[in-house]
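One structure follows; several queries about it will come next.
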Amino acid sequence: MRYEYLYDHEMFDLSANGQYCGVLVPTHVMKKFMKISAKWSAEIRQLFNENKDELLVSDWTGVFPTDENGKTVGPEIVTYSSPEDFNKLQDRIALFVPQPPVHKDVYICERETAKQIAQEIWDEKQQERTDERDGE
């Protein structure tokens with residue numbers, strides 16, 4: 001079923017600000033994006049290195065209370081900087097490098113059809129795992 005919906009161009013998934021939903025771009029756009037990202041991240045690392053004495057290592061933690069049914073009822077997230085991690089600043093600055101987008105098979109369809117496609121793929125993978133175990 002899924003092949004009738006499969007988009008016939010190679011596409012790459014670019015997430016926006018670490019979110020799971022972004023944009024899908026063709027190869028030529030992805031290559032230009034990576035060039036711009038490399039320049040941008042080099043400039044950001046330089047800015048951070050020039051201002052290291054004003055930066056802190058960022059981390060987060062939180063509480064995730066649940067109700068009597070185990071459902072999360074409202075997390076509370078706190079951003080903090082631990083003095084124990086101050087020596088890790090250079091490692092954090094080094095993280096600002098462009099990450100290549102991930103190649104994705106793209107299906108042009110509605111959400112419900114996409115869920116059916118996902119189920120089809122999952123079922124096939126489960127069958128492959130079963131076949132591998134039986135072959136051992």
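None of these values were measured; they are calculated from a predicted model.
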Set of residues satisfying side-chain contact (heavy atoms from CB on, under 4.5 Å) with respect to Thr113, sequence neighbours excluded: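 Partners of Thr113 by the side-chain contact (heavy atoms from CB on, under 4.5 Å) criterion, ordered by chain and then number, come out as Met1, Tyr5, Cys109, Ile117.
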If you round to the nearest 0.5 Å, how far is CG of Asp13 from CG of Asp105?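 So the gap between those two atoms works out to 12.0 Å.
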In Å and rounded to the nearest 0.5 Å, what is the OG1 to CE distance from Thr27 to Met11?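 One finds 8.5 Å between OG1 of Thr27 and CE of Met11.
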When Asp123 is tested against each of Gln119, Gln126, Gln127 for side chain to side chain donor-acceptor pair (under 3.5 Å), which residue passes?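 Of the listed residues Gln119, Gln126, Gln127, the side chain to side chain donor-acceptor pair (under 3.5 Å) partner of Asp123 is Gln119.
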Tell me if the CD atom of Glu50 is crowded by more than 12 foreign heavy atoms within 6.0 Å.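 Yes, because the 6.0 Å sphere around CD of Glu50 holds more than 12 heavy atoms from other groups.
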Kindly say whether Asn69 contributes a backbone atom to a donor-acceptor pair with the side chain of Asp67 at under 3.5 angstrom?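 Yes, Asp67 side chain to Asn69 backbone: donor-acceptor pair under 3.5 Å.
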Atom CD in Gln90, atom CZ in Arg45: separation rounded to 0.5 Å?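 So the CD of Gln90 and the CZ of Arg45 are separated by 10.5 Å.
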Ile44 with Leu95, same ILVMFWY side-chain cluster at under 4.5 Å: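 The answer is no; the residues belong to distinct hydrophobic clusters.
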Measure the CD-OG distance between Glu43 and Ser41 for me, rounded to the nearest 0.5 Å.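 Those atoms lie 9.0 Å apart.
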Calculate, to the nearest 0.5 Å, the distance between atoms CD1 and CG belonging to Ile108 and Asp8 respectively.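 One finds 9.0 Å between CD1 of Ile108 and CG of Asp8.
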Shared ILVMFWY cluster between Trp40 and Ile93, side chains joined below 4.5 angstrom?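 Yes, Trp40 connects to Ile93 through the hydrophobic network.
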Same cluster or not: are Leu55 and Phe96 linked, directly or through other Ile, Leu, Val, Met, Phe, Trp or Tyr residues, by side-chain heavy atoms under 4.5 angstrom apart?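 Same cluster: Leu55 reaches Phe96 through Ile, Leu, Val, Met, Phe, Trp or Tyr contacts under 4.5 Å.
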Residues Lys88, Asp85: salt bridge by 4.0 Å N-O rule: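 Here Lys88 pairs with Asp85 in a salt bridge, since their nearest N and O are under 4.0 Å apart.
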Measuring only between side-chain heavy atoms, which start at C-beta, is Arg92 closer than 4.5 Å to Asp59?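 SC-SC contact between Arg92 and Asp59 confirmed.
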Between Glu112 and Lys115, is the closest basic N to carboxylate O distance under 4.0 Å?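 A salt bridge is present here (some side-chain N lies under 4.0 Å from a carboxylate O).
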Taking Trp60's backbone N and O only, do any of them form a donor-acceptor pair with Thr79's side chain (distance below 3.5 Å, no angle check)?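 Looks like no, no N/O pair under 3.5 Å.
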Closest heavy-atom contact between Pro26 and Phe12?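 Nearest pair, atom of Pro26 first, then Phe12: C-CD1, 4.4 Å.
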Test item: Glu76 and Pro65 side chains (from C-beta on) under 4.5 Å apart, heavy atoms: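 No, their side chains stay 4.5 Å or more apart.
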Look up atom CZ in Phe64 and atom OG1 in Thr72, then write down how far apart they are to the nearest 0.5 Å.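 The OG1 atom of Thr72 is 8.0 Å from CZ of Phe64, to the nearest 0.5 Å.
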Going hydrophobic residue to hydrophobic residue with side-chain gaps under 4.5 angstrom, can you get from Val29 over to Met34?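 Yes, Val29 connects to Met34 through the hydrophobic network.
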Is any side-chain heavy atom of Ser81 less than 4.5 Å from a side-chain heavy atom of Val57?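 Sidechains of Val57 and Ser81: in contact.
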Whether over 12 other heavy atoms sit under 6.0 Å from Glu110 CD: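 Atom CD in Glu110 is not crowded, with 12 or fewer foreign heavy atoms closer than 6.0 Å.
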Do Glu120 and Gln116 have side chains that approach each other closer than 4.5 Å (heavy atoms only, starting at C-beta)?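 No; the side chains remain at least 4.5 Å from each other.
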Taking the side chain as every heavy atom from C-beta outward, state whether Ile36 and Phe33 have any atom pair closer than 4.5 Å.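 Sidechains of Phe33 and Ile36: no contact.
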